[in-house]
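Step one of this worksheet: look at the structure below.
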Amino acid sequence: MSEFIKAAVIGHPIKHSKSPLIHQTWIERYKRNGEYNALDIPPEELEARLPELVAEGYSGFNLTLPHKELALELCDQIDELARRVGAVNTISVRGGKLYGTNTDVYGFTENIKQAAPDFNFKSGPAVVLGAGGAARAVVHGLLQEGAPYVILTNRTRERALALAKNSADPARVEVENWYYRHEVLRKAALVVNTTSLGMAEQKPLELDLTHLRAGAHVCDIVYNPLMTELLMRAKQKGHPVITGIGMLLYQAQPAFHSWFGVLPAVDDNLKNQILRENGRTT
Ligand code: ATR
């Protein structure tokens with residue numbers, strides 16, 4: 001029998017995390033000898049708990065809110081991508097040391113590539129709404145895939161300015177006032193909502209799609225509900241839409257691969273399982 005592999009997602013709170021469902025499904029499907037747990041650890045305890053978990057035999061961790069930035073400091077080594085994005089969401093333990101990376105960028109770009117294979121990142125600028133942790137990964141992914149430039153707009157302008165300044169290519173990130181978010185859509189080949197607006201139990205995102213040109217793609221990283229009010233309106237206007245469920249699944253793929261040694265498939269079965277859970281938790 002192969003070595004027993006233990007991994008976990010760490011967050012605070014943790015009960016809404018879908019990562020256990022995703023990884024446990026893959027463990028069963030690929031007959032891995034291991035387990036994936038959910039650990040609720042407050043930020044002030046993370047530094048002390050990580051070495052204890054390593055001593056207990058853990059091989060890897062996913063980090064979720066509010067730990068992604070803090071984890072940058074707590075890893076023995078972080079890769080260039082995590083440093084650039086300013087967040088670690090995946091840790092692998094090797095020889096007792098913690099190696100941090102970021103798979104949210106891959107999650108975002110791979111979701112677009114799989115859901116909209118005809119979309120060309122280089123075909124025009126992208127408008128990104130929001131400037132939190134998720135937006136950092138999204139902007140990084142867009143720059144990496146060759147978007148001519150990114151128009152970034154956020155309710156709190158200072159956060160957008162800071163994100164632009166710390167991005168991989170500040171010359172390709174324009175900050176626009178939140179008030180003008182409707183007008184800037186006329187330039188967009190792709191619009192991405194990274195705010196929490198539109199999530200179950202939150203207000204919808206107010207965004208007038210009048211100026212959005214025909215054929216522009218609209219992506220929401222929110223996946224509960226799957227079809228947000230924004231995506232429903234975009235679809236009604238004939239725009240191709242990309243839901244957020246793929247970003248969640250694809251960010252998990254490289255993490256599972258690095259711990260359990262097999263690249264798992266993202267398929268509709270798994271998507272539907274998560275969507276059924278959505279129904280139960282809201
Ligand atoms: P995450 O790490 O998931 O991106 P976050 O860092 O809390 O989460 O960011 C949430 C994003 O949603 C931010 O861009 C936030 O805007 P502010 O920076 O101004 O807070 C945005 N957001 C949340 N509620 C909002 C609202 N009512 N109107 C507009 N933007 C909102």
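Just follow the structure's listing: the first ligand is 1, and inside any ligand the first atom is 1.
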Subject >> Heavy atom of protein closer than 4.0 angstrom to atom 7 (O) of ligand 1 >> reply: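 Within 4.0 Å: no protein heavy atom nearby.
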Could you check [atom] against the protein and tell me its nearest heavy-atom contact, residue, atom and distance included?
atom: atom 23 (C) of ligand 1; answer: Ser196 OG, 3.4 Å
atom: atom 2 (O) of ligand 1; answer: Gly133 N, 3.1 Å
atom: atom 13 (C) of ligand 1; answer: Arg159 NH1, 3.6 Å
atom: atom 9 (O) of ligand 1; answer: Gly132 CA, 3.6 Å
atom: atom 15 (C) of ligand 1; answer: Asn154 OD1, 4.0 Å
atom: atom 22 (N) of ligand 1; answer: Arg155 NH2, 4.0 Å
atom: atom 17 (P) of ligand 1; answer: Thr156 OG1, 3.4 Å
atom: atom 28 (N) of ligand 1; answer: Leu197 CD1, 3.4 Å

Original post:
Which of the atoms in ligand 1, numbered in the order shown and given with their element, are less than 4.0 Å from a heavy-atom of Gly130?
Top reply: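 So the answer, numbered in order with elements, is 14 (O).
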Original post:
Can we call the ring centroids of Phe108 and Tyr106 under 6.0 Å apart?
Top reply: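 Ring centres of Tyr106 and Phe108 not closer than 6.0 Å.
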Is it the case that [X] and [Y] place a side-chain donor and acceptor less than 3.5 Å from each other?
X: Thr228; Y: Asp220; result: yes
X: Glu110; Y: Gln114; result: yes
X: Gln251; Y: Asn89; result: yes

Is [X] close to ligand 1, meaning an N/O of one under 3.5 Å from an N/O of the other?
X: Thr195; answer: no
X: Trp178; answer: no
X: Leu65; answer: no
X: Ala134; answer: yes

Original post:
Any idea how Tyr36 and His23 line up, ring-wise: parallel (<30°), tilted (30 to 60°), or perpendicular (>60°)?
Top reply: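 Parallel: the ring planes of Tyr36 and His23 meet at under 30°.
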Over 12 non-hydrogen atoms of neighbours within 6.0 angstrom of [atom1] in [X]:
X: Tyr180; atom1: OH; answer: no
X: Lys97; atom1: NZ; answer: no
X: Gln202; atom1: CD; answer: yes

Subject >> Intermediate values then yes/no, side-chain hydrogen bond (donor to acceptor under 3.5 Å, both in side chains), Asp79 and Tyr99 >> reply: CA-CA 8 Å; Asp79 67 7; Tyr99 293 86; over 6 Å; no
